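Owing to the predicted nature of the structure, the values given are computational and were not obtained by experimental measurement. Heavy-atom basis, side chains included; hydrogens, waters and symmetry copies ignored. Reminder, nothing fancy here: chain letters follow the sequence lines and each chain counts from 1.
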Number of protein chains: 2
Amino acid sequence: MHKFKSLQTFYWKEETFYILDQRLLPHRVEYLPCKNHHDVIAAICTLAVRGAPAIGIAAAFAMALCGFQSLPECSSYERLKARLAEASQELLASRPTAVNLAWALQRIEKWLSMNDHLTPREIAAGLLEEAEKIFKEDVEHNRMIGKNGSALVPEGASILTHCNAGSLATGGFGTALGVIRAAAQEGKNIHVYIDETRPLLQGARLSSFEMFYENIPATLIIDSCAAYLMKKGQVDLIVVGADRIAGNGDCANKIGTYALAVLASYHKIPFYIAAPLSTIDLELSSGDKIIIEERSSEEITSFAGNSVAPENTSVFNPAFDVTPAGLITALVTEKGIVHKPDQEKLYKLCTKV
Amino acid sequence: MHKFKSLQTFYWKEETFYILDQRLLPHRVEYLPCKNHHDVIAAICTLAVRGAPAIGIAAAFAMALCGFQSLPECSSYERLKARLAEASQELLASRPTAVNLAWALQRIEKWLSMNDHLTPREIAAGLLEEAEKIFKEDVEHNRMIGKNGSALVPEGASILTHCNAGSLATGGFGTALGVIRAAAQEGKNIHVYIDETRPLLQGARLSSFEMFYENIPATLIIDSCAAYLMKKGQVDLIVVGADRIAGNGDCANKIGTYALAVLASYHKIPFYIAAPLSTIDLELSSGDKIIIEERSSEEITSFAGNSVAPENTSVFNPAFDVTPAGLITALVTEKGIVHKPDQEKLYKLCTKV
C-alpha cells in the first residue's frame, strides 16, 4: 500500500468532488464521487470523510457542487442564494461537534454576501474557487502547525497520539501528525505510539497507515495500554488534534482524549493539542457547552459485520469528549504556540493580524 | 441466549473435563471436551478458558486428567508422581501472569506429597476429588466476596467494571461481578457500566452476557469512554478482579485497569479490587516483579479474520498491567475487606485462620 506516491484526501474534476473513502483504508484506496451536496452529507455522516478540518473543506466543496447543480433552476442571485442557504443548513446538521464545518460554511456565506453583483454561473465558479482556497490554506496552516509544534519535540522523543489528526483528517499534512511529520522531516529520531482508537479504529486504520507510508517508526497499541506506557516512562509527549476549541481553551476531541490528558497530568507528561484557528470557537465560553455527538450502538456491538455483544445490549457511544484547558500544556496553531491556553490568550491569538 | 438456565464454566463426565468455550460467547454455548492435560493447556493458551480463578480450577482438573491418562503406564506412585510433575510444569508455563494457576498446582502437589501411600488409581481419583474441592471452594469464596463487597455498594449506585471477573472467569458467581450480583440480589437498584475491554472484548462478550442473563441493568462502553462518565459524575464506584496481587497490595489485572485506577483517583471515585486469597502472592514483594504476558499482535491488527491495520504494523500487546496499592481503595476478599491494602494487612489476612 505504500506504493501510492501521494495520497490526496480530495480532488475536483468536471463538476464532481472526489472524496477518498476512509472507511476502506488501509486496504483499499478508492474515491467516492460526489455529484451534489447530498452525496457529501452522506460521506460526512458515514465517516467516509472525517476529521474536523477535512469536514470543513468537504462542506465548502459541497456548497460549490450545490452552486453548479442549481444553475438550471436558479436564474437569479437571490434564488441561488436561497438554495445555497438551504444546503448550508443541511450540511451544518450532518455532524454537530466539529466547528470547522460551521466555520467553512460561514466563510462561504460571507463570500456570497460580498458577491451579490455576480451572475449565478459566476457565483458557482466563485464558490469553487473559495473552496479550493480553503483547501489550500488548510494545508499551508498544517505545515505551519507542524513547524511550530516540532519545536516541542525533543530529539529521540517517543510520542503518543490518538485517533487520526493526519493528512486524512485535513486537506493534507495533518495537525497532530503534522507535528510528528515535521519533526521526522527535520531529522529527529522519533518513535510514535498510536492508540488504535475504538470504536472505529482511526488510529489502527489511518494513523498507522500514514506513519507506515512515510517510514516513521510507529507502534500500535490498544487505547487502554497508553497509561501502561506512561507509567513505564515510555511516552515523552502526547499530541492530538481537536474538533472544537471553546473560548476558554477547553478542547473537544475524539473520545478517549480526556482520559489521556488526565493520565498525562498524573505522569507529568506534556499534553499538546495541534489545531488550526478555524477550530477555535470564541463564541463558546466553555467546553461544557460543546454538543457531543452520540453515534450508533452498532459501532461498538459489531465489528466488521460480526456481532460481539449480546443482542439488545444497551450502549453509550459518545464520539467525543472535552478536555479542560487546565490539562492542556500547550495549543499548537499556525500562528504559534499558546502555552496554558485560556480565554485571554485565545482571544488575542484569534484577533491578531 | 438467556434461555440457558444455568451456565456452568466447567463440568466433568466420564474421565473428560468439559470447558465452556468462551471464545464463542455470547453467540454459542459449546463445551470443549478435554481428554488430557494438553487439551486443557491449549484451552488456556487460546483463551477458551480465561480468568485467574477459572484457570486455576482448569489446571487442577488437568492434573486429574493426567492422573487417569497415566494409569496404564504408571504402575507405581513414584512413576505417576514424576509424570504429574511434568504436566504441572507444562501447565504452569501456559500463562505467566495469573497466580491462581501456580496456587492450584501447588495445592495439588501438596495433596500428592501427603498421599504417597495410595495406589495410582486412588491417586487419580483423589486428584479429581481435590480439583472438585478447589472448584466448589472457589464458588463459595466468590459468594463470600460478593457478600462482603456488597457492603461497599450504595443503593442506586452506578458501577463501572472492566473485562470479565464474573462467573465465567471463576468457578461461578464471580469476583467483581460477584460483588455486583450480590448487590443486585440484595435488591439494590444498581446500574453497571461495562468496559468492552480490548483487544478480546471480554467486557462486551462475557460481562454483558452475564448481566443480560440475570437482568442486571448494564450499559456497554468503549474503554476510553470511562473517563468521560467519571467526569460527568456517572460512576459511583469501580470494581474489577485481579490476576495476581503482590505482597504489598499491587495488583496485576487486565490491561486498562491501571488507567481506570488513576482516573478514579483523579475523580475521587472509590476503586475496588475483588479477588480470592488464592490470587495473593505473598512471596512477591511488589507488583514490579509480576511478569506481564505479551500476546500476539494479531489480537489487535485483525478482528474475526478481518485485518484492521496495515500489514506488518508493529504492535505492543501486553495482556495485563499493574495497579500500585496506593491507588486501591480496598481489596475485597472472602475473608473480608482490606482498606488501603499494604504488606502488613495482606500478611495478616493470609495467615489468619
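Counted by atom type alone, Asn164(B) and Arg50(B) present one or more donor-acceptor pairs between their side chains at under 3.5 Å.
Interface residue Thr219(A): backbone and side-chain heavy atoms are both found under 4.5 Å from chain B. Looking at Ile292(B), only its side chain comes within 4.5 Å of chain A, counting heavy atoms on both sides. Interface remark: Leu260(A) contributes no atoms to any contact with chain B (heavy atom separation under 4.5 Å). Neither the backbone nor the side chain of Thr197(B) comes within contact range of chain A; no heavy atoms are under 4.5 Å apart. Heavy atoms of Thr313(B) lying under 4.5 Å from chain A belong exclusively to its side chain. Proximity to chain A involves both the backbone and the side chain of Asp321(B), based on heavy atoms less than 4.5 angstrom apart.
The side-chain heavy atoms of Asn306(B) and Asn306(A), taken from C-beta on, include a pair separated by under 4.5 Å. Here the side chains of Lys254(B) and Val240(B) are not in contact, with every heavy-atom distance at 4.5 Å or above.
Ring planes of Tyr193(A) and His191(A): perpendicular class, angle over 60° (limits at 30 and 60°). In this pair, Phe316(A) and Tyr228(B) present their aromatic rings tilted. The plane angle is within the 30 to 60° band.
Among residues two or more places apart in sequence or in another chain, the side chain to side chain contact (heavy atoms under 4.5 Å, CB included) test is passed with Ile328(B) by Cys251(B), Phe271(B), Ile273(B), Thr323(B), Pro341(B). Scored by the salt bridge (Lys or Arg N to Asp or Glu O under 4.0 Å) test, Lys232(B) finds no partners at all (sequence neighbours excluded).
The most heavy-atom pairs under 4.5 Å with chain B, out of Ala218(A), Pro199(A), Ser307(A), Ser265(A), come from Ser307(A). Heavy-atom pairs under 4.5 Å with chain B were tallied for Asn317(A), Ile194(A), Leu263(A); the largest tally goes to Leu263(A). Taking Pro324(A), Gly256(A), Ser297(A) one by one and counting their heavy-atom pairs under 4.5 Å with chain B, the maximum is reached by Gly256(A). Note on Met211(B), His162(B), Glu196(B): by heavy-atom pairs under 4.5 Å with chain A, the leading option is Glu196(B). Chain B forms more heavy-atom pairs under 4.5 Å with one residue of Arg205(A), Glu299(A), Lys231(A) than with any other, namely Lys231(A). With respect to chain A, the highest number of heavy-atom pairs below 4.5 Å among Val322(B), Leu206(B), Thr257(B) belongs to Val322(B). Among Ser207(B), Gly203(B), Cys225(B), the residue with the largest count of heavy-atom pairs under 4.5 Å with chain A is Cys225(B). Contact tally against chain B (heavy-atom pairs below 4.5 Å) for Asp195(A), Leu220(A), Ile221(A), Leu25(A): the top residue is Leu220(A).
Under a 4.0 Å N-O distance rule, the pair Arg198(A)/Asp223(A) does not qualify as a salt bridge.
Considering all non-hydrogen atoms of both residues, Arg23(B) and Leu47(B) come closest at CG-O, 3.8 Å.
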